[in-house]
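Here the structure is a predicted model, which is why all the values come from computation and not from measurement.
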Amino acid sequence: MGNKKKLLLIDGSSVAYRAFFALYNQIERFKNPAGLHTNAIYGFHLMLDHMMKRVEPTHVLVAFDAGKTTFRTEMFADYKAGRAKTPEEFREQLPYIREMLTALGVSYYDLENYEADDIIGTLDKLAENEEEYDVTIVSGDKDLIQLTDSNTTVEISKKGVAEFEEFTPAYLMEKMGLTPKQFIDLKALMGDKSDNIPGVTKIGEKTGLKLLHEYGSLEAIYEHIDSFKTSKMKENLINDKEQAFLSKTLATINTQAPLTIGLEDIAYAGVQKEQLISFYDEMDFKQFRGQLSQSVSPQTFEVTYTEVKDLKADMFREDQFFYFEILNDNYHTEEIIGFAWGDDHGIYASTDTQLLSDPLFKSVLEKPIKTYDFKRSKVLLSHLDIDLPTASFDSRLAKYLLSTVENNTISTIARLYTDLPLETDDEVYGKGAKRAVPPKDILLSHLAKKVSVLLASEQPMRQKLSANDQLKLLFDMELPLAHVLAKMEIAGISVRKETLQDMEQANEIELQALTQEIYDLAGEEFNINSPKQLGVILFEKLGLPLSATKKTKTGYSTAVDVLERLAHRSPIVAKILEYRQIAKLQSTYIIGLQEAISFDDKIHTRYLQDLTQTGRLSSIDPNLQNIPVRLEQGRLIRKAFVPEWKDSVLLSSDYSQIELRVLAHISGDEHLIAAFKEGADIHTSTAMRVFGIERPEDVTPNDRRNAKAVNFGVVYGISDFGLANNLGISRKAAKNYIDTYFERYPGIKNYMDRVVREARDKGYVETLFHRRRELPDINSRNFNIRSFAERTAINSPIQGSAADILKVAMINLDKALSAGNYQSRMLLQVHDEIVLEVPNAELASVQKLVKEIMETAIELSVPLVADENAGKTWYEAK
DNA sequence: CAATTCACG
DNA sequence: ACGTACGTGAATTGG
């Protein structure tokens, strides 16, 4: 019994280096006012926080390498020779990391002639002798793995600043089949490029592991060396014997370093607040500073405001900002808890929503106002029967257009465009269960501060919008769209609960039956919804082959594509697929949608206008942009979506192939343009060109299918691997398709090269309407990260321009419906589709109108085509 | 709170 | 050599 002590040992040199590179692509963002780079310091802090939280140590030490020469260089002059010079931007940060550790109450230590590894090894040994310690070692360097034992866990940094791979003796055995001691022998055989440890010629991880699994140790390998068959490997082993044993010595961590400190010296002291605050200020770490100030003195700015009890005419002037506050994010169900407005001459705040209905206030709101989140404001005020017709500025949308990298809260706006440190809503209102309306003075002051941030940030944001040529995007696209979306959300869509209830009952019975069948086939009961349990049943109990299996981080994958390849091996697989499909419909849609129906028998989704990286909308609470359609069983759900009015229908109008048309336009590829101008079936046309087929009627369904996949791939930023995966063909065959495609559509190839080059030069890409996507990773040295950024550079202008075009169409349609005094109204948007509610009497003319407006939203070098369908339910409007 | 799966364009 | 298709949201498990 008794509390075990917990010791955290950190390889400071290696963790700092990792932190430096984890945030390397943002290095220009991490500069304090004095010009010092701070990315490694910041990253180190994040890693340390992460581990402190996870381990909750009683004792901590950060060990650093002392200098260039160590006892190892005495034995082997070339040890760690030939290393790339440490960048100056990194070296300059090291002293500050030590300063930070002091302020954080964490000890650090270095020792002449020894490396950080040896300090850690020695302390680990000391702790082991005392027995009541649990030890966690953190490093970016796998060498430390040799120290793992029953009391010692080794965390090796894997990715970013908070992802680690946890090594225990059991894990090491499972992963590599090695004991911690054998891990040293592996390195002796393999060598280590970064430390310039030679190892044995031509022996890498694979051969090293094979030898160790067979003989157990380096010594044993050499004892048996005479019995080896003659081979190049044997020869290398013999020639490099001395080198191998030297490597082993070099790789072995010294656990007997002559430390001048002991465990009693490294107890965790806790943060030194004063010191830490001045350190954060010096480094310009606003975030850490903000978090800390929560527990110390609130660190913010002050603002004078008037708490309003009675309205007076002189409280209102032209060009004021108005801000309306709610506690949680669903503005359809939340009520205003306070509001504030003002300009440079004064800020006013109140919690009395009755004031809003005062004729004086109402008349002010009828004229264009500046605000933050016009759509939300409009919906909230509509609940008070106040109509907010227009806005002349929306800070939230402005921020979204300037950069999609961060969120668009006022706190973020404050940080990016002003020097006012505004607390986040989570800090002021609390989060999770603790969230609540604060005392009035705190609330009003926070609201007044928000208004003052909105005031201070408007000009900086306008200037940047202007510099980016994005003013029209804000004033002619996003702001008018916010108005249209508000009306759609307020209108909502009628959903028939009884239809869903009937489906729920039928499905319930079917699920019961399937569950029983699956249990019978499995020979036991288990949770079919648990991929983990399902994996055990399929791959262990039933012994299905792992050949088709993908692995996930946590175990076997049981995703559809895997299961489909296994379907012929056991009848249980098909049952599981069927169960999955119905269970998905049942929980997400049939039950989920019923819960989202409000008292007016309608569903009011919220469109997020400032979330996606491309300019698309998204839909939440519930998501009405992913209602099933591809499979008939799911598609039936659409029968529950109906018009509100009698003698009306739902009209759905969707763009045909809008992304490929956009691609044809921005690439200027003559063949793709010609195909669209001819009105050809685009996938058939692609099949003909790529597979060299003369007549359309000779294109088989399979040809067309393959061509379709290629077309999709092109839009996504194609790769042979991705296409191969999608089509279930070899990578080579996929590469062949792609090469032929680029040969036959040189304009497309040209576009891809051009847009990636532009992204590299400018750091961002743009849509036809100047919507930007920043691509900070485009010059990353990491192949994966860079490739992703390149595909994104290709895809974003296509997906984004298509999104822009539908937005324009919606705005134009809204205007036309109003101008024509139509009763018809838009209800839903699904990326390339608009759903309207239309009285029968208006159907013919509105259908024509919608088609016309969608097809003329923008003039491209290819025609735009929209197709309409109407019916009594969304299901029939297909 | 992360991971997995699956619904949509 | 590297190991991936682009963009979303919701339900469910299980630590």
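- With hydrogens and angles ignored, the 3.5 Å screen pairs no side-chain donor or acceptor of A:N328 with any backbone N or O of A:N330.
- Using a cutoff of 4.0 Å between basic side-chain nitrogens and carboxylate oxygens, A:R606 and A:D621 are scored as salt-bridged.
- Spacing between atom CZ of A:F788 and atom P of C:dG3 amounts to 16 Å, rounded to whole angstrom units.
- Considering only side-chain N and O atoms, A:S619 lies nowhere under 4.0 angstrom from the phosphate OP1 or OP2 of C:dG9.
- Scanning atom types as modelled, no donor and acceptor separated by under 3.5 angstrom connect the side chain of A:R791 and the base of C:dG7.
- Annotation: C:dC2 and B:dT5 have their C1' atoms spaced 27 Å apart (nearest Å).
- Residue contacts shown for A:V830 are limited to sugar-phosphate atoms, with no base heavy atom under 4.0 Å away.
- For NZ of A:K735, the number of neighbouring non-hydrogen atoms (other residues, nucleotides, ligands) closer than 6.0 Å is 12 at most.
- Taking the P atoms as reference points, C:dG3 lies 25 Å from B:dC6, given to the whole Å.
- Rounded to a whole Å, the CD1 atom of A:I637 is 13 Å from the P atom of C:dA11.
- Remark: A:K878 qualifies as a cation-pi partner of A:Y875 under the 6.0 Å distance and 45° angle criteria applied to the six-membered ring.
- Note on A:I620: only backbone sugar-phosphate atoms sit closer than 4.0 angstrom, heavy atoms only; bases stay farther off.
- A:G717 comes within 4.0 angstrom of nothing in the nucleic acid, heavy atoms only.
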Exercise. For nucleotides 1-6 of chain B, just jot down a letter per nucleotide in 5' to 3' order: B, S or -, based on protein non-hydrogen atoms under 4.0 Å.
Key: --SSSB

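- Judged by the 6.0 Å and 45° rule, A:R376 forms no cation-pi pair with A:Y331.
- In this structure, of C:dT13, C:dG9, C:dG7, it is C:dG9 that holds the atom nearest to the side chain of A:L611.
- At least one side-chain nitrogen or oxygen of A:Q533 sits closer than 4.0 Å to the OP1 or OP2 atom of C:dG14.
- In this structure, A:N726 reaches the bases: a heavy-atom distance under 4.0 Å links it to at least one base atom across the strands shown.
- To the nearest angstrom, P of C:dG9 lies 11 Å from CG of A:D621.
- Set against C:dT8, C:dA11, B:dG9, the side chain of A:T588 has C:dA11 as its closest nucleotide.
- Heavy atoms of A:A709 sit under 4.0 angstrom from at least one base atom.
- When heavy atoms are screened at a 4.0 angstrom cut-off, A:I627 is found touching the sugar-phosphate backbone but no base atom.
- Spacing between atom CG of A:L663 and atom C1' of C:dC6 amounts to 13 Å, rounded to whole angstrom units.
- Among the duplex regions that DNA chain C forms, those built from at least three successive Watson-Crick or G-U pairs under 3.5 Å are B:1-9 with C:6-14, ordered by first number.
- When the side-chain nitrogen and oxygen atoms of A:R773 are compared with OP1 and OP2 of C:dC6, none of them lie within a distance under 4.0 Å.
- Using bins of under 30°, 30° to 60° and over 60° for the plane-to-plane angle, the ring pair A:F641/A:W874 lands in the perpendicular bin.
- Closest to the side chain of A:S618, from the set C:dT8, C:dG7, C:dG14, is C:dT8.
- Residue contacts for A:Q613: at a heavy-atom cut-off of 4.0 Å it reaches the sugar-phosphate backbone alone, with no base atom in range.
- Within the 3.5 Å criterion, the main-chain N or O of A:G140 finds a donor-acceptor partner in the side chain of A:R18.
- Aromatic ring orientation, A:H332 versus A:H604: tilted (interplanar angle from 30° to 60°).
- Side-chain N/O atoms of A:K532 include none lying less than 4.0 angstrom from OP1 or OP2 on C:dT12.
- Between the side chain of A:R630 and the base of B:dG9, a donor-acceptor pair under 3.5 Å is found.
- For NZ of A:K142, the number of neighbouring non-hydrogen atoms (other residues, nucleotides, ligands) closer than 6.0 Å is 12 at most.
- Distances shown here put every side-chain N or O of A:N623 at or beyond 4.0 Å from the OP1 or OP2 atom of C:dA10.
- As rounded to whole Å, 13 Å separates atom P of C:dG14 from atom CD1 of A:I528.
- Listed nucleotides C:dT8, C:dT12, B:dA7 differ in distance to A:N529; the shortest reach to its side chain belongs to C:dT12.
- Side-chain N or O atoms of A:N795 include one that pairs as donor or acceptor with a backbone N or O of A:V715 at under 3.5 Å.
- If you measure from atom CG of A:N527 to atom C1' of C:dG15, you get 16 Å, rounded to the nearest angstrom.
- No hydrogens or angles were tested; on distance alone, a donor-acceptor pair under 3.5 Å links the side chain of A:Q799 to the base of C:dC6.
- Separating the C1' atom of B:dA2 from that of C:dA5 is a span of 24 Å, rounded to the nearest Å.
- Rounded to an integer number of Å, the gap from A:Y655 OH to B:dC8 P is 23 Å.
- Residue A:T614 has no polar side-chain atom (N or O) positioned under 4.0 Å from OP1 or OP2 of C:dG7.
- The closest donor-acceptor contact from the side chain of A:K375 to the backbone of A:Q609 lies at 3.5 Å or more, if one exists at all.
- The base of C:dT8 has none of its N or O atoms less than 3.5 Å from a complementary donor or acceptor on the side chain of A:R616.
- Residues satisfying the salt bridge (charged side-chain N to carboxylate O under 4.0 Å, His left out) test with A:K532, not counting sequence neighbours, are none.
- When the nucleotides C:dG3, C:dC6, B:dG9 are ranked by their closest atom to the side chain of A:T792, C:dC6 comes out on top.
- No engagement by A:S787 is indicated, since no non-hydrogen atom pair under 4.0 Å with the nucleic acid exists.
- Atom pair A:F721:CZ and C:dC6:P shows a separation of 12 Å (rounding to whole Å applied).
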